[in-house]
Amino acid sequence: MAGEKSFKYVIVGGGVSAGYAAREFAKQGVQPGELAIISKEAVAPYERPALSKAYLFPEGAARLPGFHVCVGSGGEKLLPEWYTEKGIELILNTEIVKADLASKSLTSAAGDTFKYKILIIATGSTVLKLTDFKVEGADAKNILYLREIDDADQLVEAIKAKKNGKAVVVGGGYIGLELSAVLKINNFDVKMVYPEPWCMPRLFTADIAAFYEGYYEKKGVGIIKGTVASGFTKNDNGEVKEVKLKDGRVLEADIVVVGVGARPLTNLFKGQVEEDKGGIKTDAFFKTSVPDVYAVGDVATFPMKMYGDIRRVEHVDHSRKSAEQAVKAIFASEQGKDIEPYDYLPYFYSRSFDLSWQFYGDNVGDAVIFGDHDPASAKAKFGSYWIKDGKVVGAFLEGGAPEENQAIAKVARGQPAATSLDALAKEGLEFASKI
């Protein structure tokens, strides 16, 4: 029987943003029965980055409940019981298929209706699939993607089933780099394929990328650049057998993992809310163009105060912080108070093998590299600064200690003057520690 439920606050989506929003609701004194989280996943909100890292380790792998939010940022672990104790309704395995913002109602695939007074859209992103691009044979078994815990479980099973086999990783971004590393740690023969001239092209300069590509090759990961997967062949069981590349090469594969990007899940709200840059347009409090509707995380296009423009940011740090800001804004407006507008410093990071990098700020202007960026070094440690209009606007560091990472964050936030690229290259981290 289809039913109807009403709540004061509803969060649609059950990812990182939803979990951090729930914690902030509790902090702000939400009353039992006022808040519901509606998630298509089967589990309470968890720290998604674990899926491409420790979840796939051959030994000592991370498993739930170990990485529920908010452990990824050093916070308390919110187990399913926590939501019950707080009187927050966690509605799992429930996909919303229709949203009517005018009548403030949501409809699930099962036909249930959920009414709200205030809505937070936290639907996140979905992965782009090769089947979306009609790639021949892309429906073969063991062509895998990674976004949710179900995807990670499929990958874990495939790694076991094809023990010590051959893996081809399609894509040279975060997922490509992190999964190539973890497959290698699982003793697979790994090849990475991507069309760009170097890995992580949206962030890395050629110099930075050369280090990671060299390091991966030293670890035995084969790198094939400047071409794409144009088709797949299958064996008699319908499992992937070969990857056909556009340049004519053919690679054997027991597993293919694809990381070619994601798109924000905004389709439920098309035509009902203002959009910009592929996301839902918000103000500095994550309010949308529709009263009582907020949007956070991957789906929000928001004002970037530091740079005087608007952006959409796909990263866990912003998922956490935007969710907290929206909830603070909801309570402030109920109490007739003001809060500070969102003032986000872009922050990206990744970990793979023994490597760990952090980036803060904006990667525009001229870049300079400093430190030891030789992939053959026993313990390479290097960084980059980006200089625009005589100011340092971005900073990157591989292998930094916590205080050094804090120092480069301070540089990106403060945008100190710098005229000479050569002087910056020589000074390196010293420049940051003086700020």
Side-chain angles (χ1 to χ4, degrees), residues 51-53 55-56 58 125-148 150-202 204 209 212-263 350 352-353:
L51 298 182
S52 59
K53 305 176 183 74
Y55 201 81
L56 304 173
S125 297
T126 186
V127 290
L128 297 174
K129 298 200 163 176
L130 296 181
T131 43
D132 302 339
F133 303 107
K134 309 280 186 279
V135 176
E136 177 208 353
D139 58 346
K141 289 179 198 155
N142 294 331
I143 297 181
L144 303 169
Y145 299 83
L146 186 62
R147 178 73 198 176
E148 297 177 354
D150 288 353
D151 302 324
D153 287 337
Q154 274 187 298
L155 189 48
V156 167
E157 286 312 305
I159 288 169
K160 281 185 195 147
K162 302 293 180 185
K163 197 168 163 56
N164 306 337
K166 290 183 162 62
V168 174
V169 176
V170 177
Y174 283 103
I175 292 287
L177 286 167
E178 291 179 0
L179 290 185
S180 295
V182 92
L183 284 161
K184 194 73 216 169
I185 293 165
N186 278 282
N187 207 30
F188 270 67
D189 176 308
V190 183
K191 289 191 170 56
M192 281 182 88
V193 179
Y194 46 93
E196 298 90 357
W198 62 77
C199 64
M200 288 284 293
R202 287 195 301 187
F204 288 1
Y212 292 99
E213 289 174 354
Y215 187 98
Y216 272 57
E217 283 175 327
K218 191 182 81 172
K219 288 279 190 187
V221 174
I223 292 179
I224 299 169
K225 301 188 275 191
T227 188
V228 294
S230 58
F232 301 90
T233 60
K234 307 172 194 180
N235 66 15
D236 297 342
N237 301 327
E239 297 175 330
V240 70
K241 187 174 118 188
E242 293 167 328
V243 183
K244 295 192 274 190
L245 303 184
K246 202 175 175 183
D247 68 8
R249 279 186 272 186
V250 176
L251 309 175
E252 286 177 50
D254 300 303
I255 298 179
V256 174
V257 184
V258 182
V260 291
R263 61 177 175 82
S350 184
S352 59
F353 292 122

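All values below were derived from every heavy atom in this structure, side-chain atoms included, with hydrogens, water molecules and symmetry-related copies excluded.
Here the shortest heavy-atom pairing between V228 and P195 reads CG1-CB, 3.5 Å. A pairwise comparison of heavy atoms in N186 and P58 identifies OD1-CB, 3.4 Å as the closest pair. Nearest heavy atom pair, residue A229 against residue V135, reads O-CG1, 4.1 Å. Between L155 and V257, the shortest heavy-atom distance links the atoms CD1-CG2, 3.8 Å. Across R147 and L51, no two heavy atoms sit closer than the pair O-CD1, 3.6 Å. Between S180 and M192, the shortest heavy-atom contact is OG-CG, 2.9 Å.
Here OH of Y174 is found 8.5 Å from CZ of R202. Values are rounded to the nearest 0.5 Å. For the atom pair T227 OG1 and K244 NZ, the distance stands at 13.0 Å (nearest 0.5 Å). Rounding to the nearest 0.5 Å gives a distance of 5.0 Å between CG of L146 and CD1 of I175. Atoms CG and CD1, from L183 and I159 in turn, are 5.0 Å apart once rounded to the nearest 0.5 Å. A distance of 7.5 Å separates CD1 in I223 from CG in L177, rounded to the nearest 0.5 Å. Taken from CZ in F353 to NZ in K218, the straight-line distance is 10.0 Å, to the nearest 0.5 Å.
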Checking side-chain contact (heavy atoms from CB on, under 4.5 Å) for the pair D151/V127: CA distance, chi angles, key distance, verdict? CA-CA 11 Å; D151 302 324; V127 290; 5.7 Å; no

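Side-chain contact check for V182 versus K53: every heavy-atom pair is 4.5 Å or farther apart. For the pair V169/V221, no side-chain contact is recorded, criterion being any heavy-atom separation below 4.5 Å from C-beta on. V243 is not listed as a side-chain neighbour of V193, based on a closest heavy-atom distance of 4.5 Å or more. You'll find the side chain of K225 reaches within 4.5 Å of the side chain of Y194, heavy atoms only.
Checking side-chain atoms of K141 against main-chain N and O of N237 turns up a donor-acceptor pair under 3.5 Å. T131 contributes no side-chain N or O that, together with a main-chain N or O of A138, makes up a donor-acceptor pair within less than 3.5 Å. With hydrogens and angles ignored, the 3.5 Å screen pairs no side-chain donor or acceptor of N142 with any backbone N or O of I255. The closest donor-acceptor contact from the side chain of E213 to the backbone of W198 lies at 3.5 Å or more, if one exists at all. In this structure, S52 contributes its side chain and E178 its backbone to no donor-acceptor pair below 3.5 Å. D132 places no side-chain N or O within donor-acceptor distance of the main-chain N or O of L128, the cut-off being under 3.5 Å. K184 contributes a side-chain N or O that, together with a main-chain N or O of F188, makes up a donor-acceptor pair within less than 3.5 Å.
Residues passing the salt bridge (Lys or Arg N to Asp or Glu O under 4.0 Å) test with D139, sequence neighbours excluded: K234.
By the 6.0 Å and 45° rule, K129 stacks over the aromatic ring of Y145.
Within a 6.0 Å sphere centred on CD of E217, heavy atoms belonging to other residues, nucleotides or ligands number more than 12.
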